[in-house]
A.B. asks: 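One structure follows; several queries about it will come next.
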Amino acid sequence: DNEAEKRSVREAFAQSILWGFSIAAETQGRVLVDATGFFLRDAHGVADRLKDAKEGSYSLDAARSALFAPGVKNFPENTIAEATLTFKGKPAGKHLSTVTPTPEALTVRQRHSFVKLPDSGYRPRAFDPRAGFFSLSFADYATPVEEPLRKRYILRHRLKKKNPGAARSEAQEPIVYYLDPGAPEPVRSALLDGARWWSAAFDAAGFIKAFRVEMLPEGADMMDVRYNVIQWVHRSTRGWSYGASVIDPRTGEILKGHVSLGSLRFRQDFLIAEGLLAPYETGTQATPAMRAMALARLRQLSAHEIGHTLGLAHNFAASADGRASVMDYPHPLVQLNAAGEIGLDSAYAEGLGAWDIAALRYGYTEFATAEAERAGLAALVNERLEAGLHFISDRDARPRGGAHPAAHLWDNGADAATELQRMLKVRARALEEFSERVIPAGRPLASLSERLTPIFLLHRYQTEACAKLLGGLRYAYTLRGDGQPAPAIVEAQLQHKALDALLATLNPETLTLSDRILDLIPPQPHGYWDGREHFKGHTGLTFDPVAAAASAADMTLRLILNSQRASRLVQYKARNPACPGLDETLNRLLAITWKAPRKSGLAAETQRAVESAALARMMKLASSANASNQARALAWAALENLVHYLELNAPLLSDSKTAAHFRFARAQIRAFLERPTQEVPLTPAPAAPPGSPIGCGH
């Protein structure tokens, strides 16, 4: 209430003037400005993004840009100005040609939306890091010194009961989502089914029929801010789906939820099912289980993205609690029956999980007073904690530097190491069954390689999950006095188990494809070519199984020898001698690679490729500025020990190929130790084909 204080805050910080307009006319205090330049600018930074992606140098061509009249619209609560923008330039990458007729000219649509701010009838709700919601934060300089300067609110829709005092009541204005009629069947029904799962959570929050999902009415526009929409979009490659919101930046009130679901997700799950089930027994007839799996994933994806537009963040610990949330990234649960047959009956869960209902209650349960709200929200969080439902979100769940043993993307099970061991068995069975039956009759046999990729790498995400047990730390988003346990290093026994499982993924027998499979796959025929879903290699047009093995091995190696994980291994060993330290990890790695008994045949070539990949990663760790000095020192010492081992053993080898391999590695290590700041002098393992998103959304 102090105007001078308000002014002092206002004058203390910079503002941003977005544009200067020329006044074309003025009548009775109203002005007409020419906003053409404002709309015909590269507001999205398309040119910079193309440059950063190494797709070429582009600039906006004003002569080929204009306002798109059909896209300039007025709605009751927002105005849309849509422009056609053309960027001209010289292409340098390979992706623009897949989405444009001529990569020298990229024409896109850009929309500016002016949204009316809502009235003051919404009461913001306090953010709690344990509750599972996105947050809006700002600094309030009128805050008393004993309270936090930064205020945090959750993002949520406005929802009020018709009968505020009733435990359960209909809503004054229900939340309604509308599905894009461009979604075809059976996709349409799956998306509607999954979206409607949320009605049960609102019911648990005390609202009757407060959440509905309907088809978008004829004549309605998805850009109208009054409509929460689920949009069905298309891309040339797999892409993320999104659950975005238009919010009031003052309060966190969600004014519009806008879900974008990529159509190729459906096909990607179907492709995985083809590789797992080898269903084309007669050459033409697929099994219903494949479509059922893909549709089950779409239901979950629809619920997941709508969850974001209701205000909910990812919960990547939910899979460790028995699929407790649709806000996790679920890997399909592939099972083996007693006969060793692969089954997909429960590949994806049906319905919301216990976490989803508990989290949504925090955001939408109505309370009579501010005091009742504070007490009620605290009680809801305590109820969830007592139920043993965990919440860990994005930053803590990323695979390379992440340390939380339960927060993973695309995993299953409470014990990541045990699940990795199981997944390797499923993968082995799928490779045993891999044959011409994974494609219908009449398809090029070369397309077998596209189905092989997700099967050969079936363990990739569970490997990421398992890696976070190694040098892992158990913790929660803890507040003082909430009774949650203090941070604790992952049990030493579990870390050793995880290391065993990780090293098993580097076994040449695991990574060497059989002659039976390799004899099935010819080069691409005329009119076809390899794409992103195919392994890269060193053998030209032919499939390179050794490069594929190196790619798979490198995924594990970069996790084990991640600079942050390596630094934790050093420190956690110092705190608990029973834990596997970095020195032990490096010794174990060398024991199952360079110092292991020699293989023969193609397995020997795989073994040498894995060893080269391991050596490259050890060099990267030894030279990493992100690793602690002791972690680098131990990696350096391991390289010195290895070069001595190679010097002693190379002359003793009767196999000339392995002897050459040892001598070459010895020379590379010496060159590296002399100039460790230079680039690692080994050919890197080819990058694995993209995995994310494997039928899942962001």
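Just so you know, these numbers use all the heavy atoms, side chains as well, and skip hydrogens, waters and symmetry mates.
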A.B. asks: Under 4.0 Å between a Lys/Arg side-chain N and an Asp/Glu carboxylate O for E464 and R398?
C.D. replies: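 Result for this pair is no, no salt bridge flagged.
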A.B. asks: Taking R168 first and then D203, would you say they form a salt bridge - that is, a charged N and a carboxylate O separated by under 4.0 Å?
C.D. replies: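 Looking at D203 together with R168, the answer is yes, because their closest N to O distance falls below 4.0 Å.
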A.B. asks: Can you label the angle between the F133 ring and the Y364 ring as parallel, tilted or perpendicular, going by 30° and 60°?
C.D. replies: tilted
A.B. asks: Is the shortest side-chain heavy-atom distance between K116 and F114 below 4.5 Å?
C.D. replies: no
A.B. asks: Counting C-beta onward and ignoring hydrogens, is there a side-chain heavy-atom pair between Y477 and D482 closer than 4.5 Å?
C.D. replies: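 A side-chain contact under 4.5 Å is absent here.
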A.B. asks: Would you mind reporting whether M293 and P332 have side-chain heavy atoms less than 4.5 Å apart?
C.D. replies: yes
A.B. asks: Would R158 and Y122 count as a cation-pi pair here, with the cationic atom under 6.0 angstrom from the ring centre and within 45° of the axis?
C.D. replies: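 No, R158 and Y122 do not form such a contact.
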A.B. asks: Can you establish whether the number of heavy atoms outside E371 located under 6.0 Å from its atom CD is more than 12?
C.D. replies: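 No, the 6.0 Å shell around CD holds no more than 12 heavy atoms from other groups.
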A.B. asks: Should I247 and L255 count as side-chain neighbours, where that means a heavy-atom distance under 4.5 Å?
C.D. replies: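 No, too far: nothing below the 4.5 Å cut-off.
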A.B. asks: Would you check if the side chain of D248 reaches a backbone N or O of P118 as a donor-acceptor pair within less than 3.5 Å?
C.D. replies: no
A.B. asks: Test side-chain hydrogen bond (donor to acceptor under 3.5 Å, both in side chains) on H234 and S263 and set out the steps.
C.D. replies: CA-CA 5 Å; H234 303 279; S263 62; 2.8 Å; yes
A.B. asks: Do K161's NZ or CZ and the ring of F207 fall within the cation-pi criteria of under 6.0 Å and 45°?
C.D. replies: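 Judged by the rule (NZ or CZ under 6.0 Å from the ring centre, within 45° of its axis), K161 counts as positioned above F207.
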A.B. asks: Taking atom CZ of R226 as the centre, does the number of heavy atoms from other residues, nucleotides or ligands within less than 6.0 Å exceed 12?
C.D. replies: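 Counting other residues, nucleotides and ligands, CZ of R226 exceeds 12 neighbours.
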A.B. asks: Heavy-atom count check: over 12 atoms from other residues, nucleotides or ligands less than 6.0 Å from R291 CZ?
C.D. replies: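 Counting neighbours around CZ of R291, 12 or fewer heavy atoms of other residues, nucleotides or ligands fall under 6.0 Å, so no.
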A.B. asks: Using a 3.5 Å distance criterion without hydrogens, assess whether the side chain of T309 forms a donor-acceptor pair with backbone atoms of G257.
C.D. replies: no
A.B. asks: Quick check: do D396 and Y475 have side-chain heavy atoms less than 4.5 Å from each other?
C.D. replies: yes
A.B. asks: Any ion pair linking R125 and E373 (charged N to carboxylate O, less than 4.0 Å)?
C.D. replies: yes
A.B. asks: Decide side chain to side chain contact (heavy atoms under 4.5 Å, CB included) for V233 and L261; before the verdict, give the C-alpha distance in whole Å, the side-chain angles of both, and the deciding distance to 0.1 Å.
C.D. replies: CA-CA 6 Å; V233 300; L261 300 178; 5.8 Å; no
A.B. asks: Is H459 close to T505 at the side-chain level, that is, under 4.5 Å between some pair of heavy atoms?
C.D. replies: yes
A.B. asks: Counting only N and O atoms by type, is there a donor-acceptor contact under 3.5 Å from the side chain of Q110 to the main-chain atoms of A43?
C.D. replies: yes
A.B. asks: Do V225 and F75 come within less than 4.5 Å of each other through their side chains, counting heavy atoms only?
C.D. replies: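 Result no, sub-4.5 Å side-chain heavy-atom pair not found.
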A.B. asks: Tell me whether K497 is salt-bridged to D415, with the criterion being a basic N under 4.0 Å from an acidic carboxylate O.
C.D. replies: yes
A.B. asks: Start with the C-alpha distance between K256 and D224, add both sets of side-chain angles, then the distance that settles salt bridge (Lys or Arg N to Asp or Glu O under 4.0 Å), and finish with yes or no.
C.D. replies: CA-CA 9 Å; K256 172 186 174 67; D224 188 336; over 6 Å; no
A.B. asks: Quick check for you: to the nearest 0.5 Å, what is the distance between F134 atom CZ and L310 atom CG?
C.D. replies: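 One gets 10.5 Å once the value is rounded to the nearest 0.5 Å.
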A.B. asks: Can you check whether F127 reaches S137 side chain to side chain, under 4.5 Å on heavy atoms?
C.D. replies: no
A.B. asks: Between R299 and E350, does any side-chain N to carboxylate O distance fall below 4.0 Å?
C.D. replies: yes
A.B. asks: Are more than 12 heavy atoms, taken from residues, nucleotides or ligands other than R250, located less than 6.0 Å from that residue's CZ atom?
C.D. replies: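 Yes.
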A.B. asks: Set out, in order, the CA-CA distance, both residues' side-chain angles and the distance that settles side chain to side chain contact (heavy atoms under 4.5 Å, CB included) for L276 and V334, then state yes or no.
C.D. replies: CA-CA 9 Å; L276 287 169; V334 188; 3.7 Å; yes
A.B. asks: Counting only heavy atoms not in E173 (residues, nucleotides, ligands), do more than 12 fall under 6.0 Å from its CD?
C.D. replies: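 Not more than 12 within 6.0 Å, no.
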A.B. asks: Going through the distances and angles, do I175 and R212 end up as a side chain to side chain contact (heavy atoms under 4.5 Å, CB included)?
C.D. replies: CA-CA 6 Å; I175 299 172; R212 303 200 312 265; over 6 Å; no
A.B. asks: Any chance the side chains of S319 and D411 put a donor and an acceptor closer than 3.5 Å?
C.D. replies: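 Indeed, the side chains of S319 and D411 share at least one donor-acceptor pair under 3.5 Å.
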A.B. asks: Other residues, nucleotides and ligands only: do more than 12 of their heavy atoms fall within 6.0 Å of CG on D345?
C.D. replies: no
A.B. asks: Where does the angle between the aromatic ring planes of H314 and H308 fall among parallel (under 30°), tilted (30 to 60°) and perpendicular (over 60°)?
C.D. replies: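 Correct class here is perpendicular.
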A.B. asks: Donor-acceptor check, side chain of T453 to backbone of E533, threshold 3.5 angstrom: yes or no?
C.D. replies: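 Yes, T453 side chain to E533 backbone: donor-acceptor pair under 3.5 Å.
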